[in-house]
Amino acid sequence: MNLILFGPPAAGKGTQAQRLVTEHGMVQLSTGDMLRAAKTSGSALGQQVAGIMDRGELVSDEIVIALIEQHLPAAEAAGGAIFDGFPRTVAQAQALDGMLSHRHSQIDVVLRLVVDHHALLSRIAKRFEEQGRPDDNPEVFETRLSAYAAQTAPLLPYYQISGKLIEVDGMADIASVSAAVDAALDKLGLQKVPQPRFKPAAPVD
Ligand code: AMP
C-alpha cells in the first residue's frame, strides 16, 4: 500500500509516518529529511538547496522528484511507501502518479491531517525551542505556510476527484489522531505487523 500524508508543515505528518513505519513495516519517504541530510552532509545538492530551505521556500520539482524516484523501488519492495512532505505541487503529484503507474502501482490513500493554521504557529514555536530547526523560526514558518497555501493546498481537489482523500482531525491529541488514522487504514485492509516482544538481553559473562 502506498499512502500520502497530507497537510501543512507541523501538522503531525512526521509523527504519524514514524508510527506507521514501526507498526506497519512501511517505509517513510520524507523529502524534507532527505534534503536536510544532503544539507548536513554538505553535498552539492545540499549546498544548492540550503538557502531555499532556510528561507522556507520550496525547492525545485526536479530535485524532489529525482529523490523520490531514487528511493521508491526499495520502499515498494518493503511493502509500501508513506509519502511525507511529497508531493507539494501539482507537477510533483502528476510525476508521482506517472512513476507509480510505470511500476504498475498507485497511490491507495491520501490522509489529510486537518489543522488550524493559527494553532500551528504556537505548536511550531514550541518545536523551535525544543529542536532549533532554523526553518521553524516564526518568520520563516509563515513563508512555509504561505507556500503550502499557494502551491500545495491546490492539490486537494486533485486527490478529492480521485476519491482517495480521507480527512482526519489533526488538532486532536496524538493518541486520538493515531486512532483515527488506524481506523481509516483498517477499512482499507492495512494489517499491523506483529511487534517483537521485549526480550531481556542475555547476561554478559
Ligand atoms: P519538511 O520537513 O517536509 O517541512 O521540508 C522542509 C523543507 O524542505 C521545505 O520547507 C522545503 O524547502 C523543502 N522540501 C521538502 N519537501 C519538498 C517538496 N516536496 N517540494 C519542494 N520542497 C520541499
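Ligands are counted one by one from 1 in listed order, and the atoms in each one are counted from 1 as well. Nothing fancy with the numbering, it's 1 onward along the sequence.
On a distance-only criterion, Q92 and ligand 1 share at least one N/O pair closer than 3.5 Å. Geometrically, ligand 1 and F86 share no nitrogen or oxygen pair separated by less than 3.5 Å. An N or O contact shorter than 3.5 Å is missing between I52 and ligand 1 by distance. Taking distance alone, with nitrogen or oxygen atoms compared against 3.5 Å, E57 approaches ligand 1 more closely than that limit.
From the protein, the heavy atom lying nearest to atom 7 (C) of ligand 1 is M53 CE, 3.9 Å. What sits closest to atom 15 (C) of ligand 1 on the protein, heavy atoms only, is R88 NH1, 3.4 Å.
Which parts of ligand 1 touch R144 is read off a 4.0 Å heavy-atom cut-off, strictly below it: atoms 4 (O), 10 (O). Within ligand 1, counting atoms from 1 as listed, the ones closer than 4.0 Å to a heavy atom of L58 are 21 (C), 22 (N). For ligand 1, the atoms lying closer than 4.0 Å to a non-hydrogen atom of R36 are 2 (O), 6 (C).
Looking at R19 and D182, a side-chain N of the basic residue comes within less than 4.0 Å of a carboxylate O on the acidic one, giving a salt bridge. Between D135 and R55 there is no salt bridge, since no side-chain nitrogen of the basic residue lies less than 4.0 Å from a carboxylate oxygen of the acidic one. A salt bridge links K39 with D54: the closest approach of a Lys/Arg side-chain nitrogen to an acidic carboxylate oxygen falls below 4.0 angstrom.
Side chains of N2 and E76: a donor on one and an acceptor on the other come within 3.5 Å. Looking at Q16 and S178, their side chains do bring a donor and an acceptor atom within 3.5 Å of each other.
Other residues, nucleotides and ligands contribute at most 12 non-hydrogen atoms within 6.0 Å of the CD atom of E129.
When the options L35, D61, V64 are ranked by their closest heavy atom to atom 14 (N) of ligand 1, first place goes to L35.
With a 4.0 Å heavy-atom cut-off, ligand 1 is reached by no atom of M34.
K126 is not listed as a side-chain neighbour of I124, based on a closest heavy-atom distance of 4.5 Å or more.
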